[in-house]
Protein chains: 2
Amino acid sequence: MKKNITIYTIAEEAGVSAATVSRFLTGKAKVNESKRKRIDEIIKKYNYRPNAIARNLSNQATKTLGFIMPDVTAPFYGTVFLEAERVALEMGYSILLCNTMNDNVLTNTNVEMNYIDFILEKQVDGLIIMGGHIDNLRTAPEYLERINALTNQVPLVMINGEIRGLDCYNIRSDSKVGINQLVDYLVSLNHEKIAFIGGYMDIQPTMRRLEIIQESLARYGIGFNDKWFIEDDFSVQAGKDSMEKLLKMNDRPTAVICVNDMVAVGALHTAMKMGVKVPEEMSIAGFDNTYLTECVVPEITTVDLQPKKLAKTAIETMIKHLEGDMTDKKEIIIKTQLVLRDSCSIAR
Amino acid sequence: MKKNITIYTIAEEAGVSAATVSRFLTGKAKVNESKRKRIDEIIKKYNYRPNAIARNLSNQATKTLGFIMPDVTAPFYGTVFLEAERVALEMGYSILLCNTMNDNVLTNTNVEMNYIDFILEKQVDGLIIMGGHIDNLRTAPEYLERINALTNQVPLVMINGEIRGLDCYNIRSDSKVGINQLVDYLVSLNHEKIAFIGGYMDIQPTMRRLEIIQESLARYGIGFNDKWFIEDDFSVQAGKDSMEKLLKMNDRPTAVICVNDMVAVGALHTAMKMGVKVPEEMSIAGFDNTYLTECVVPEITTVDLQPKKLAKTAIETMIKHLEGDMTDKKEIIIKTQLVLRDSCSIAR
DNA sequence: TTGTAGGCGTTATCAA
DNA sequence: TTGATAACGCCTACAA
């Protein structure tokens with residue numbers, strides 16, 4: 001086994017001490033011009049790279065951020081992650097990603113809890129959580145306890161999470177603006193029979209959106225028919241199934257708001273398959289404004305949650321905190337906005 | 001600042017030496033039952049977790065694999081990554097993901113090369129590369145040189161890469177079977193005017209697929225009209241643009257094979273927007289078999305590249321290598337297969 | 001079965 | 001400006 005090349009290797013060949021090589025590497029102290037040059041040469045000769053593990057151990061910091069989410073494969077989460085990675089890298093940090101996929105959002109918190117431990121062992125400097133159990137309105141007590149303890153070990157940023165009274169940063173989107181715009185729009189198109197599909201009752205984005213929709217409709221004196229809330233998960237398949245249920249009803253809604261774009265795409269899929277014309281016979285809207293909305297015809301009208309802005313804010317908030325630039329602004333709201341496309345038209 | 005809890009903290013309180021605690025932790029040597037118990041208690045009391053960084057430094061291994069790819073957000077890549085993460089975790093490894101997004105596939109190799117350095121500094125035990133410059137048929141010499149050097153530092157697994165004569169493992173999908181099936185199918189539907197859209201000429205998956213399509217058509221004595229190869233990138237937008245070009249031609253093809261599902265979805269989008277019925281007036285097929293194909297109507301007929309199998313094989317191959325279970329099978333072929341859905345029908 | 005001591009590759013403190 | 005030297009937290013001979 002070839003011996004590793006270390007600062008000692010470099011130091012020896014350059015005729016200096018390891019400390020000097022280290023200083024050269026970090027640039028935190030001056031080193032004589034001639035030695036500089038020699039060190040530089042040897043480093044290039046060996047194509048030497050400092051060992052980040054050793055560096056981390058010594059520095060007591062890894063310059064890496066843990067990021068826990070359900071599934072990068074979902075366009076919204078994926079977009080957030082990618083932007084987070086980009087911004088982090090730009091600021092000199094890297095991201096350790098964990099997908100908790102297998103967890104059942106409503107019950108089993110094991111995967112996520114294991115991941116938290118796992119990620120802490122890796123000594124991340126900060127932890128970012130998006131989706132999963134932090135969205136759960138009835139959080140399991142042991143999970144709550146764990147996440148509370150967490151808060152003392154490492155700074156935490158939650159994206160669109162729901163847990164109250166937790167000492168962490170919250171980056172959340174204010175759905176209200178976007179939803180009001182959406183409801184205004186639908187009402188202006190004469191819709192009064194509006195459904196809401198996808199998502200679990202116990203999950204925050206679901207209930208929050210549903211409530212705001214109801215409030216928003218109430219401004220027009222329009223009631224929400226509970227039969228038209230179809231509970232399911234957040235997948236394309238959920239959209240397909242839920243729309244099918246809706247279409248089998250005697251009293252159909254004229255417009256369907258979906259808990260996210262994936263569900264909207266699924267809903268559109270079923271409508272088309274069952275010969276229901278969108279938007280002529282049925283209007284459909286989504287949430288998130290992911291690229292999916294522009295994949296289908298008609299393109300889907302949606303509420304933009306600004307995933308990139310969420311990501312950027314989350315990373316910047318975390319790094320500011322880590323670098324001592326404290327704020328006491330623990331909560332940051334990102335505005336949402338309606339994006340008009342082709343999937344809604346006048347009710348008939 | 002609170003002092004960190006280390007094996008010494010535990011050792012002291014348990015009245016044993018740090019070595020014993022370490023042995024308890026690794027389980028690699030026996031430790032007396034009564035001490036076992038005491039150690040265990042203290043560990044729980046403090047909620048102690050071993051510091052992975054220190055462990056890695058000592059072990060000279062990180063149990064993490066670097067994974068370099070262009071963009072997790074693309075469904076195919078995302079699927080591969082997710083499965084890779086799952087399998088790796090199951091085998092006790094974690095994955096450090098890097099998205100090279102910003103690189104221009106054809107020219108600038110900087111982002112990817114920087115990432116390689118970056119990832120090596122983190123002392124990953126192995127490196128997996130999928131997409132990006134390894135697909136480039138005219139690889140930049142300095143990139144080749146770099147990647148060759150790489151090969152001496154860390155085991156390398158390439159997924160569907162093209163670089164020949166490199167000492168690494170290759171997991172690649174054999175497109176031939178799937179493409180032959182696709183061509184057989186299209187010909188059986190009376191298609192003779194078949195286009196191919198998306199992808200760059202200089203990129204392996206593009207050319208490989210195109211060549212095989214041509215060969216496959218040749219079996220039927222059908223020629224390929226070069227005008228119907230529209231070069232573009234691999235995005236939904238590419239599909240939209242390319243289809244538009246195709247539809248503006250006087251002599252239109254009756255079927256379009258797309259370099260991947262995203263392009264296929266884009267192509268379908270344009271066809272529908274321009275009032276061309278799919279599949280009645282135009283058949284469309286894709287590659288990859290991602291979930292996108294089932295989002296749209298008609299659902300898209302595609303060649304399944306088995307992303308999960310690619311991922312699993314890649315990870316298993318890597319870990320087998322790392323754990324000394326060497327094989328000399330440096331190349332593993334994953335079969336592809338045609339998946340029939342609704343986007344193709346008889347030519348007219 | 002247990003403890004001592006040295007090493008993993010860097011950084012940082014303290015003299016010089 | 002430089003060089004010893006002691007951390008950082010864990011693992012593993014080696015000796016007991």
Side-chain angles (χ1 to χ4, degrees), chain A residues 1-40 42-43 46-64 92 120-125 153-154, chain B residues 1-40 42-43 46-64 117 120-125 153-154:
Chain A
M1 174 114 183
K2 213 166 44 186
K3 240 193 106 199
N4 283 333
I5 293 155
T6 72
I7 40 174
Y8 286 94
T9 324
I10 309 293
E12 196 172 2
E13 282 214 35
V16 299
S17 78
T20 303
V21 178
S22 175
R23 284 190 266 262
F24 172 88
L25 254 20
T26 61
K28 279 181 187 163
K30 311 216 156 164
V31 6
N32 177 302
E33 184 54 34
S34 71
K35 303 198 176 180
R36 248 195 135 57
K37 221 182 259 174
R38 252 184 301 148
I39 295 175
D40 196 40
I42 316 286
I43 286 185
Y46 284 108
N47 206 306
Y48 163 81
R49 304 264 152 214
N51 179 325
I53 298 293
R55 193 172 251 184
N56 291 340
L57 184 60
S58 180
N59 284 336
Q60 293 285 79
T62 54
K63 289 259 188 179
T64 108
L120 286 188
E121 286 180 15
K122 300 233 167 199
Q123 310 297 115
V124 294
D125 295 342
Q153 300 184 58
V154 72
Chain B
M1 174 119 182
K2 213 168 41 187
K3 238 193 110 200
N4 283 334
I5 293 154
T6 72
I7 42 174
Y8 287 94
T9 325
I10 309 294
E12 196 172 3
E13 282 213 37
V16 299
S17 78
T20 304
V21 178
S22 174
R23 285 189 265 262
F24 172 88
L25 255 19
T26 61
K28 279 181 188 164
K30 311 215 156 166
V31 6
N32 176 303
E33 185 54 32
S34 70
K35 304 199 175 179
R36 246 192 137 58
K37 222 182 256 174
R38 255 184 298 149
I39 294 176
D40 196 39
I42 316 286
I43 286 183
Y46 284 109
N47 206 306
Y48 164 82
R49 305 263 153 214
N51 180 326
I53 299 294
R55 193 172 253 185
N56 291 339
L57 185 60
S58 180
N59 285 336
Q60 295 283 80
T62 55
K63 288 257 188 182
T64 109
D117 284 343
L120 286 188
E121 286 181 15
K122 300 236 169 197
Q123 310 298 117
V124 296
D125 294 342
Q153 300 184 58
V154 72

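We name chains A, B, ... by the order of the sequence lines, and we start the count at 1 in each one. Note that this is a predicted model, so its numbers are computed, not measured.
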Item checked: Opening and closing nucleotides of DNA chain C in contact with chain B, under 4.0 Å to non-hydrogen atoms -> C:dT1 to C:dG9
Partners passing side chain to side chain contact (heavy atoms under 4.5 Å, CB included) against [X] (at least two apart in sequence or in another chain):
X	value
A:Gln60	B:Asn4
B:Ser58	none
A:Thr9	A:Ile5, A:Thr6

Item checked: side-chain hydrogen bond (donor to acceptor under 3.5 Å, both in side chains) against A:Ser17, all qualifying residues, sequence neighbours excluded -> A:Thr20
Notebook entry, point to check: Can you list the residues that meet the side-chain hydrogen bond (donor to acceptor under 3.5 Å, both in side chains) rule with A:Asn59, with sequence neighbours excluded?
Noted result: none
Check: If we fit an axis to the first five pairs and another to the last five of the helix from C:dT1-D:dA16 to C:dA16-D:dT1, what angle do they make, to the nearest 10°?
Finding: 40°
Who pairs with [X] by salt bridge (charged side-chain N to carboxylate O under 4.0 Å, His left out), at least two apart in sequence or on another chain?
X	answer
B:Arg36	none
A:Asp40	A:Lys44
A:Lys63	A:Glu323

Margin query: For a quick check, with a 4.0 angstrom heavy-atom cut-off, what is the B/S/- contact string for nucleotides 5-16 of chain D, read 5' to 3'?
Written below: ---BBBBBB---
Next item on the list: May I have all residue pairs that pass salt bridge (charged side-chain N to carboxylate O under 4.0 Å, His left out) and include part of residues 8-35 of chain B, sequence neighbours excluded?
Entry: B:Glu13-B:Lys45
Next item on the list: Any chance you could lay out the side chain to side chain contact (heavy atoms under 4.5 Å, CB included) test for A:Tyr48 and A:Leu25, step after step, and finish with the verdict?
Entry: CA-CA 11 Å; A:Tyr48 163 81; A:Leu25 254 20; 3.8 Å; yes
